[in-house]
There are 2 protein chains.
Amino acid sequence: MTVIFSKKCEYGLQAVLYLAANERGIESADDIAKNLNIPKEFVSKILQSLTVSGIVISKKGKAGGFALAQDPKKIKLIDIVAAIDGLTMFNNCVLGFPNCNPTKPCPLHDKWGVLRTQTYNMLNEDTIDTFKEKTLRKVAAI
Amino acid sequence: MTVIFSKKCEYGLQAVLYLAANERGIESADDIAKNLNIPKEFVSKILQSLTVSGIVISKKGKAGGFALAQDPKKIKLIDIVAAIDGLTMFNNCVLGFPNCNPTKPCPLHDKWGVLRTQTYNMLNEDTIDTFKEKTLRKVAAI
DNA sequence: CTTTAATCAGACAAATAAATCTGATTATAG
DNA sequence: CTATAATCAGATTTATTTGTCTGATTAAAG
Ligand code: SF4
Ligand code: SF4
């Protein structure tokens, strides 16, 4: 069981945070994978897909790799989530009931609705440039 | 993608809420499945496992089925989650970083830690007898 | 120009989760 | 006592997610 996001999405978030934090520009998939201790081929695939979404760019050949496609002051975590897992979870129920709808609230609607929104806001309110320090410290501790 | 809980857990939560809400005592798996619009064999298996956890009881043979093992005033949603998915998610990171630890916080630790606790509280603070009405209304709308 | 180290595309494999099936057992009701 | 309708246990199937492999392409550096 993952929490909220798929592994794909978690790795995507970690990789993009890492790219933003180390400020070295182009970074190889191999390097990213080693530093985050996640499977290289997998994170490589994920970053490939994020090039299509315009979040990272890739450079082929020797000394190639991935880098942010935009200023980290413009990228939010929610952008990465939207690109990988989509945003449907922010319309779904913790209990798995269908048709989430304030007019047909299920038992937890009031409480869950608030938490769901706060989770969304958490991912939407800061740009990833503000996470550099903490990302570096966390990565160092992996 | 499910939200937080596995399908197994979602169905378990729904089934137990349903048993508490309709107050008919023994209810067949077939009936539960039809009313919740979820697979009968699957919910049956899940309820079987919840008998082991002491949350429901089962009665075999004709007119058999499942019923709550305890007074609904004593059952909390967190009990069902603990029995099916376990509670590890309440120690894990949204970003999937390993070693969640306040001394090695990752970028979202402060915010996510709070939301995670509030989610736990949401499942822990009320007993399922308080959900009857809303459950019935939600089930009717499925 | 050749070697090397990287992405890229797409197939493939393994693991996990979700759902179904089968046969046995059990209890009720006629 | 028999027919029926249910749980139960466990195997099996299917779907999805996660992870790996292969071969082609690309670009840098000697
Ligand atoms: S009404 Fe609330 S609890 Fe029910 S499905 Fe919608 S968000 Fe979830
Ligand atoms: S420190 Fe916070 S964000 Fe990081 S893993 Fe722990 S809970 Fe998650």
Side-chain angles (χ1 to χ4, degrees), chain A residues 1-15 19 24-69 81 84-86 88-89 96 98, chain B residues 1-15 19 24-69 81 84-86 88-89 96 98:
Chain A
M1 266 279 307
T2 60
V3 174
I4 300 186
F5 302 127
S6 67
K7 277 262 169 282
K8 217 189 269 187
C9 194
E10 288 181 354
Y11 292 163
L13 288 162
Q14 291 179 24
L19 285 175
R24 275 196 294 242
I26 295 274
E27 191 88 11
S28 77
D30 193 56
D31 212 55
I32 295 167
K34 276 190 181 119
N35 278 288
L36 295 173
N37 194 30
I38 62 184
K40 171 191 159 179
E41 314 288 347
F42 200 17
V43 78
S44 175
K45 274 237 155 297
I46 295 164
L47 287 168
Q48 279 169 41
S49 85
L50 288 179
T51 62
V52 178
S53 320
I55 293 170
V56 303
I57 53 139
S58 69
K59 186 172 171 247
K60 282 191 175 184
K62 190 162 181 173
F66 297 90
L68 296 184
V81 171
I84 301 179
D85 273 354
T88 59
M89 78 135 280
Chain B
M1 265 277 309
T2 60
V3 174
I4 300 185
F5 302 128
S6 67
K7 277 261 169 279
K8 217 189 270 188
C9 193
E10 288 181 353
Y11 292 162
L13 287 161
Q14 292 179 24
L19 285 174
R24 275 196 293 243
I26 296 273
E27 191 88 13
S28 76
D30 193 56
D31 213 53
I32 296 167
K34 277 192 179 116
N35 278 288
L36 295 173
N37 195 31
I38 62 184
K40 172 192 158 177
E41 314 288 349
F42 200 16
V43 78
S44 175
K45 272 240 155 297
I46 295 164
L47 287 168
Q48 279 170 39
S49 84
L50 288 180
T51 61
V52 179
S53 322
I55 293 170
V56 303
I57 51 138
S58 69
K59 185 171 170 248
K60 282 191 175 183
K62 192 164 180 172
F66 298 91
L68 296 184
V81 171
I84 301 179
D85 273 354
T88 58
M89 79 135 280

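What you see below is based on every heavy atom in this structure, not just the backbone, and it leaves out hydrogens, waters and symmetry mates. Convention: sequence-line order gives letters A, B, ...; per-chain numbering from 1.
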**Message:** I need the CD1-C1' distance between B:Ile38 and C:dT20, as an integer number of Å.
**Reply:** 15 Å
**Prompt:** Between atom CD1 in B:Ile4 and atom P in C:dA17, what is the gap in whole Å?
**Reply:** 17 Å
**Message:** Can you tell me how far apart CG (B:Asn35) and CD (B:Glu27) are? Round to the nearest 0.5 Å.
**Reply:** 7.0 Å
**Asked** Got a donor-acceptor contact below 3.5 angstrom from the A:Gln14 side chain to the B:Gly96 backbone?
**Response** yes
**Prompt:** Within the structure, does a side-chain N or O atom of A:Tyr11 lie under 4.0 Å from either OP1 or OP2 of D:dT18?
**Reply:** no
**Item:** B:Lys60, nearest nucleotide to its side chain (from D:dT7, C:dT4, C:dT7)
**Value:** D:dT7
**Spacing of A:Lys7 atom NZ relative to D:dT20 atom C1', expressed in whole Å** = 17 Å
**Asked** Is B:Arg24 close to B:Asp31 at the side-chain level, that is, under 4.5 Å between some pair of heavy atoms?
**Response** yes
**Asked** To the nearest Å, how far apart are B:Lys62 NZ and D:dC1 C1'?
**Response** 14 Å
**For atom CG of A:Leu47 and atom C1' of C:dA9, their distance in whole Å** = 15 Å
**Request:** From the options C:dA19, D:dC21, D:dA6, select the nucleotide whose nearest atom is closest to the side chain of A:Glu41.
**Result:** D:dC21
**Item:** Proximity to the side chain of A:Lys8 - top-ranked nucleotide from D:dT18, C:dT26, D:dA29
**Value:** D:dT18
**Prompt:** To the nearest angstrom, how far is B:Phe42 atom CZ from C:dA19 atom C1'?
**Reply:** 6 Å
**Complete:** In whole angstroms, the gap separating P of C:dA6 from NZ of A:Lys45 amounts to 18 Å
**Message:** Less than 4.0 angstrom between a side-chain N/O of B:Lys59 and OP1 or OP2 of C:dT28, yes or no?
**Reply:** yes
**Prompt:** Nearest 0.5 Å, what's the CG-CG distance between A:Leu36 and A:Leu13?
**Reply:** 11.5 Å
**Item:** Between C:dA27 (C1') and B:Ile57 (CD1): distance, integer Å
**Value:** 14 Å
**Request:** Could you walk me through whether A:Ile4 and B:Ile4 pass side chain to side chain contact (heavy atoms under 4.5 Å, CB included), step by step?
**Result:** CA-CA 5 Å; A:Ile4 300 186; B:Ile4 300 185; 4.0 Å; yes
**Message:** Please pick, from D:dT20, D:dT7, C:dC21, the nucleotide with the shortest atom-to-atom distance to any side-chain atom of B:Phe66.
**Reply:** D:dT7
**Message:** Taking the nucleotide of DNA chain C with the nearest heavy atom to each, does B:Ala63 or A:Glu27 sit closer to the 5' end?
**Reply:** A:Glu27
**Prompt:** If you check the A:Ala29 side chain, which of C:dT7, D:dT18, D:dA27 turns out closest?
**Reply:** C:dT7
